[in-house]
Number of protein chains: 4
Amino acid sequence: MAQLQKSIDKRTALLKATLSLVNNGGIQSASMAKVAKIANVSPATIYLFFESKQDLVNQLYLDVKGSFAQAAFSQYESDDEVKKSFEKVWIAMAAFKLENKEEASFLSQCDNTPMIDEETRQEGLKYLTSLFDLWSKGIKEGIIKDISPYLLYAFSIYPMAFLMNLDNRSLCPLGENVINEAFQVAWDSIRV
Amino acid sequence: MAQLQKSIDKRTALLKATLSLVNNGGIQSASMAKVAKIANVSPATIYLFFESKQDLVNQLYLDVKGSFAQAAFSQYESDDEVKKSFEKVWIAMAAFKLENKEEASFLSQCDNTPMIDEETRQEGLKYLTSLFDLWSKGIKEGIIKDISPYLLYAFSIYPMAFLMNLDNRSLCPLGENVINEAFQVAWDSIRV
Amino acid sequence: MAQLQKSIDKRTALLKATLSLVNNGGIQSASMAKVAKIANVSPATIYLFFESKQDLVNQLYLDVKGSFAQAAFSQYESDDEVKKSFEKVWIAMAAFKLENKEEASFLSQCDNTPMIDEETRQEGLKYLTSLFDLWSKGIKEGIIKDISPYLLYAFSIYPMAFLMNLDNRSLCPLGENVINEAFQVAWDSIRV
Amino acid sequence: MAQLQKSIDKRTALLKATLSLVNNGGIQSASMAKVAKIANVSPATIYLFFESKQDLVNQLYLDVKGSFAQAAFSQYESDDEVKKSFEKVWIAMAAFKLENKEEASFLSQCDNTPMIDEETRQEGLKYLTSLFDLWSKGIKEGIIKDISPYLLYAFSIYPMAFLMNLDNRSLCPLGENVINEAFQVAWDSIRV
DNA sequence: CATGAATGAGATTTCATTCAT
DNA sequence: AATGAATGAAATCTCATTCAT
């Protein structure tokens with residue numbers, strides 16, 4: 001048990017170290033040696049948990065995407081009406097991103113990079129099933145535009161990455177009011 | 001004269017080689033040796049045109065961003081009404097991205113990566129001045145939401161990167177009708 | 001334990017390889033690749049022991065200077081009278097240089113080159129403290145000229161480098177009698 | 001004529017550029033490109049005057065050594081008595097080194113380096129013929145120790161390099177009194 | 001005579017990964 | 001299970017030299 005816990009801790013430390021390094025200088029600056037040093041293990045130890053650097057990054061992606069999804073849908077109740085549900089999810093996503101800037105920044109960086117395997121990326125998409133279902137329902141009810149969910153995603157969710165980026169670069173700090181404005185824009189874009 | 005042309009050609013070939021390599025495997029896989037080989041020059045020759053790898057990538061970014069901006073605003077006429085103008089620009093941007101997939105994909109990849117110098121990134125922003133002016137005008141006329149231009153950008157322009165990505169991965173091919181739908185969504189998001 | 005010994009052996013082999021290469025063609029001809037090959041390790045292995053080529057050369061300098069100093073002062077006894085002491089040290093120095101030609105030649109080469117960090121050079125000077133003390137004593141006793149120790153060094157010790165050089169180039173082989181003559185000259189230069 | 005002069009000027013500029021670069025960072029930092037830039041010519045032009053980098057350095061050595069010798073013996077009159085002559089030469093040498101620090105420093109650096117061809121080094125020795133003759137005469141007169149001129153050189157002339165070095169590194173600034181002290185030491189070392 | 005452009009070879013250094021212990 | 005040592009391969013960049021003009 002204690003042994004298992006130590007193992008988990010090490011894995012976590014390695015993921016965390018990778019996250020921080022990738023955020024600060026891109027994947028190229030996250031060398032296995034640096035990751036190992038920050039996580040306080042030997043480079044060789046990494047390979048007990050991950051098959052390769054690619055695997056390490058992939059697993060990190062899934063890990064972070066999982067946390068993100070969990071946060072996003074934690075308040076979600078299927079009884080709520082569509083707009084309310086969407087708002088809950090959207091706001092929860094924004095909150096997660098503001099509270100976990102490293103994770104958020106990492107996910108943004110993954111979006112358009114060959115950093116992550118296509119396969120793993122697909123895997124990550126599954127976390128959004130609930131959202132897609134919600135949109136389906138909204139479309140049936142005539143509340144949401146009857147267009148590809150990818151479009152809905154592109155215009156209502158994806159922009160958050162850009163906002164986070166601005167916030168990080170201090171170009172447009174995200175206070176509560178900006179968040180609310182942004183939600184309004186998101187909703188206007190997809191509602192009928 | 002012929003000499004100058006040869007120089008320009010070589011520079012262009014180098015930029016093109018870099019573009020293609022970065023697109024296919026990220027900045028890390030675009031080694032100077034590979035770039036040189038594809039451009040049919042010696043590695044040393046690269047340094048006649050670019051100070052360093054970082055400089056090469058920065059210049060490529062500005063180059064591509066410049067082409068993009070030029071295409072975006074080529075039809076732009078300040079006499080048009082705001083919505084018409086915005087539509088022209090938006091459609092021109094989409095067209096550019098569809099016709100120059102490599103360039104588009106590269107710009108997306110640059111968005112959230114430490115690949116590009118902050119300074120160079122700022123430089124790249126200048127190309128969008130006209131768009132920001134247009135929004136200003138729209139806000140004054142009460143046609144466009146009175147919010148930060150960054151938000152307007154995030155929800156009406158930035159999503160294109162995601163769409164391009166989908167198209168590239170064959171997840172949502174962009175035909176004319178999808179483009180039109182997407183424009184409608186973009187406009188709904190920022191209009192009052 | 002065996003591991004530690006192997007480490008030490010490798011470091012030594014690297015230093016030795018560097019010594020030999022620098023002697024034969026100057027610092028520029030002692031490439032890391034050549035050093036590695038001669039020491040029978042991979043180039044990457046060098047960096048387990050030395051931070052950089054500069055560090056490698058600096059450490060070699062200190063190493064050799066240390067050996068030299070140890071040899072020089074091994075017979076030194078503070079009870080001896082000044083001239084006797086000086087003679088012991090001088091002769092020991094000459095003997096070291098004759099028995100360790102590579103080391104001697106390397107030290108000469110370091111003398112007036114930007115090869116070695118100023119800081120490291122200062123560090124190397126410390127090895128001569130005993131000699132400076134001896135001169136101090138001699139000056140107080142009125143036996144040695146009351147001038148800067150740097151001058152004393154320049155005229156009584158530094159010339160050995162030139163002699164070594166001659167010997168190496170077979171221009172003036174150093175037999176015992178020449179050594180004795182030379183010592184006489186050295187002593188005449190600094191004695192009152 | 002004007003053409004010839006321009007040629008000579010270029011050669012001089014190249015030598016000067018090399019001198020300065022070698023002094024500041026050793027031979028390795030004097031790249032042909034840098035030399036060319038400082039001398040305001042194209043890299044290719046260097047090869048109109050010098051066969052190779054080695055040749056450039058060799059010629060510089062002979063050039064500087066020549067200037068040094070000329071200065072050293074400019075006051076020399078064969079009628080003077082030996083000590084007077086030696087003093088004149090020694091002081092003239094010191095003066096040259098103080099007034100032409102770059103040249104002096106360069107010569108020091110050449111002393112124990114494989115920087116200069118053995119052949120060229122031999123060539124440089126010829127400049128000292130007069131001095132060797134003077135010593136011959138002194139030995140015959142019983143004024144100077146009857147030992148190899150190499151030894152005489154090592155202890156009375158060679159130390160100047162060390163002094164210059166100290167001066168450059170501000171460890172022992174050479175004023176007139178230090179120079180006079182030093183001459184006394186030099187003379188004591190070789191006189192009977 | 002003079003050059004700017006071009007380069008192959010090679011410099012230093014880093015990296016992902018392995019393996020004996 | 002865990003590691004520190006070791007490395008081959010490759011990365012970025014520099015250099016002495018050449019050659020068409």
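Naming convention: chains lettered A, B, ... in sequence-line order (proteins, then strands); numbering from 1 in each chain.
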- prompt: Want to know the stems of DNA chain E: at least 3 consecutive Watson-Crick or G-U pairs with distances under 3.5 Å, which are they?
  reply: E:2-21 with F:2-21

query: Should the pair D:Asp63-D:Arg11 be classified as a salt bridge under the 4.0 Å nitrogen-to-oxygen rule?
result: yes

- prompt: Hey, does A:Pro43 have a side-chain heavy atom less than 4.5 Å from the side chain of A:Lys37?
  reply: no

pair D:Leu56-D:Glu51: side-chain heavy atoms closer than 4.5 Å: no

- request: Would you check if A:Pro114 and B:Gln109 make a side-chain contact, meaning some heavy-atom pair closer than 4.5 Å?
  value: yes

- prompt: Listed by chain and number, what are the side-chain contact (heavy atoms from CB on, under 4.5 Å) partners of B:Asn100, not counting sequence neighbours?
  reply: B:Phe96, B:Glu103

Chain B contact limits on DNA chain E, taken 5' to 3' with a cut-off of 4.0 angstrom to heavy atoms: E:dA5 to E:dG8

- prompt: To the nearest 0.5 Å, how far apart are CG in C:Asn23 and NZ in C:Lys101?
  reply: 12.5 Å

- prompt: A:Phe49 has an atom CZ; how far is it from atom C1' of F:dT3, in whole Å?
  reply: 13 Å

query: On DNA chain F, nearest-nucleotide positions of A:Val41 versus C:Leu48: which is more 5'?
result: A:Val41

message: Under 4.0 Å, heavy atom to any atom of DNA chain E: which of residues 12-26 of chain A qualify?
response: none

query: Can you find a pair of side-chain heavy atoms, one from B:Leu125 and one from B:Gln122, that are under 4.5 Å apart?
result: yes

- request: Identify, with sequence neighbours excluded, every residue that meets ring pair (Phe, Tyr, Trp, His ring centres under 6.0 Å) alongside D:Phe49.
  value: none

task: Would you name the heavy atoms of B:Arg121 and B:Ile116 that are closest together and state the gap between them?
output: NH2-O, 3.4 Å

message: Please report the distance, rounded to the nearest Å, between CD1 in C:Ile46 and C1' in F:dA9.
response: 15 Å

field: C:Gln5 side chain to C:Asp9 side chain, donor-acceptor N/O pair below 3.5 angstrom
entry: yes

Shortest non-hydrogen contact from D:Tyr61 toward D:Phe106: CA-CE2, 3.7 Å

message: Taking the side chain as everything from C-beta on, heavy atoms only, tell me whether A:Ser105 gets closer than 4.5 Å to A:Asn168.
response: yes

query: Expressed in angstrom and rounded to an integer, what is the separation of D:Asp55 atom CG from F:dA16 atom P?
result: 14 Å

field: Non-hydrogen atoms of B:Leu14 and B:Val41 that approach each other most closely
entry: CD2-CG2, 3.9 Å

So which protein nitrogen or oxygen atoms get under 3.5 Å of nucleotides 12-15 of chain F's nitrogens or oxygens?
from   : atom 1 : to      : atom 2 : distance (Å)
F:dT12 : OP1    : B:Lys53 : NZ     : 2.6
F:dT12 : OP2    : B:Met32 : N      : 2.7
F:dC13 : OP2    : B:Tyr47 : OH     : 2.9
F:dC13 : OP2    : B:Lys53 : N      : 3.0
F:dC13 : O5'    : B:Tyr47 : OH     : 3.4

